[in-house]
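The structure appears below as structure tokens.
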Amino acid sequence: MSSSSASVDEVNDPSQEFTSHDAPPKQLGLALFIICAAQLMIVLDGTIVNIALPHIEEDLGFSQANLQWVITIYTLAFGGVLLLGGRLGDLYGRRRMFVWGVALFTLASLVAGIAQTESQMLIARAVQGLGGALAAPNALALITTTFPAGKERNKAMGVFAAMSGAGAAIGLILGGALTEIDWRWNFFINLPIGILVAFFAQRILTESEDGRGSLDIPGAITSIAGLSALVYGLTHAATTSWGDPTTVTYLAAGVLLLIAFVVIETRVAHPLLPMRIPGDRTRGTSYFVMLIVGAGMFAMFYFLGIYIQTILGYSALMTGLAFLPFSVGIVVAAQIASRLIAQVDPRWISGAGAAFAALGMWGFTHLTPESTYAANLLPWIVVLAFGLGLIFVPLTLTAVHAVAHEDSSVASAVLNTMQQVGGTLGLATLSTIFVNNLNDKVAELTAKMPQGGPAPTQEQMAAAQKMIADEAFTYGASKAYLVAAIMIAIGGVITLVFLNVKHEELAHDGAAPAHMG
């Protein structure tokens, strides 16, 4: 049975099973496990290393100025090469690029785990980013082309979106646990996963036919340079300011290079990114909303991680475990969304999800130094996670809606790029809001300190400084959470207004799935 011939009733009926002799359910389940294991490995790497940074700094002799590059160089390589990684899959085989990406990521993880110097670590992290940029867009494309539209693809997208959304939180949990043993295990953990994924992918996943056309070299150069400059400029803004000369230079260069990229793509015969992909209303809306939601979500991890450790006083491991309800909530909501999508238009599911997510983010604005985890933090973590799970599944489906098979990897790459740029943009924007409000609060509280009288003791001075620091942090973070809540709410409104695709259309999306051996 091909997806194009399935009736709406068959797709929506939960009693129906996919019966193609070319792709039995057992193989589909194993294929999904392979793809999602790779996706989880790549996504969690964005946060798993954060908790280990102080230990890496001490053992490898990193300077404080260079330590940020352990994160930044991975982000640059991953975000800059995503579009190229997607197009390479469309042209030369999605399974091939997926396996090469996983293998490259795994090998780089080994090198990072045994690194003895700054340069070895940074080179390994850059290669990890390149491997992730090859594997990530082709992972999503393999789901789109392997699973038939309707029930099977909705289920697969639900699991995939849950892994993508929960990966950051799982990274914090694993990072805390593994750092307690040895920070190097944050990298070694990828070895068994990567080896098994690469091995079974060759045997379970079927290779796509090579695409027609040639590689767009000018487009590849301008996209990599433009995205890398933009991501670096945003990252630099998060640690300095928007007016910093280096920030302005890189942001301007990134924008100009991306404008040049768009011009090139409209004039070459075989563009790296055909403009028909982001130009479609449904896909364009999905990409833009993913950017906004990603901006709010990744900044949330940053501020909450600091709050839980420095104000609540949790250890690295307990901080990771504090995010466990987030992972559970997003997985549960993703499964609910994957079932609803067969009966409800995606705009309503994502719109409701945005309302929950904005409410959860707004709840964080009430945190104070006296707040407790169970009463003041946990309920909002659950609400936020539930909302994000409802957002991710429909938007992941609509982001590749009506994309021809020969464009599926690059369409997936655009989605990944929007999430990556969104996370970096959110951290830069909300960090600026946070720092400005924090400084204002410090000045206000310092001015209220009693003047004259007997000099305070050292203990009294330390207690006063801690009180000011905690009050200023929660105040600054509350303003950042408020802006993040507004951003997600705006994303929900955009979804409701512009995402007009019907659930019946998703049930008939695409041609027949690729055969599996």
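The side-chain heavy atoms of Q120 and L60, taken from C-beta on, include no pair separated by under 4.5 Å. Side-chain atoms of R87 and D407, non-hydrogen and from C-beta on, do get closer than 4.5 Å to each other. Here the side chains of F356 and L384 are not in contact, with every heavy-atom distance at 4.5 Å or above. Between L445 and E471, the closest side-chain pair of non-hydrogen atoms falls below 4.5 Å. Side-chain atoms of L76 and L227, non-hydrogen and from C-beta on, never get closer than 4.5 Å to each other. With a 4.5 Å cut-off on side-chain heavy atoms, I71 and T235 do not count as touching. Between E370 and N376, the closest side-chain pair of non-hydrogen atoms is not below 4.5 Å. With a 4.5 Å cut-off on side-chain heavy atoms, H270 and D216 do not count as touching.
Below 30°, between 30° and 60°, or above 60°: for Y314 and Y373 the angle between ring planes is between 30° and 60°, a tilted geometry.
Residues Y74 and W69 place their aromatic rings such that the two centres sit no closer than 6.0 Å.
In Y307, the OH atom is crowded: over 12 heavy atoms of neighbouring residues, nucleotides or ligands sit closer than 6.0 Å.
The one candidate from L438, I433, T432, N439 that meets the side chain to side chain contact (heavy atoms under 4.5 Å, CB included) condition with V435 is N439.
Taking a cutoff of 4.0 Å between a charged side-chain nitrogen and a carboxylate oxygen, D90 and R94 qualify as a salt bridge. Using a cut-off of 4.0 Å between Lys/Arg side-chain N and Asp/Glu carboxylate O, D59 and R184 are scored as not salt-bridged. The existence of a salt bridge linking R125 and D45 is confirmed by a sub-4.0 Å separation between a basic side-chain nitrogen and an acidic carboxylate oxygen.
Looking only at atom types and distance, the side chain of N186 has a donor-acceptor partner in the side chain of T179 under 3.5 Å away. Between T398 and S286, the side chains place a donor N or O and an acceptor N or O closer than 3.5 Å (distance only, hydrogens not considered). Side-chain N/O atoms of N190 and T106 include no donor and acceptor closer than 3.5 Å.
With sequence neighbours excluded, no residue satisfies side-chain hydrogen bond (donor to acceptor under 3.5 Å, both in side chains) with T246.
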Open item on the list: One pair to check against ring pair (Phe, Tyr, Trp, His ring centres under 6.0 Å): F303 and F364. What are the steps and the verdict?
Closed with: CA-CA 10 Å; F303 293 117; F364 297 142; over 10 Å; no

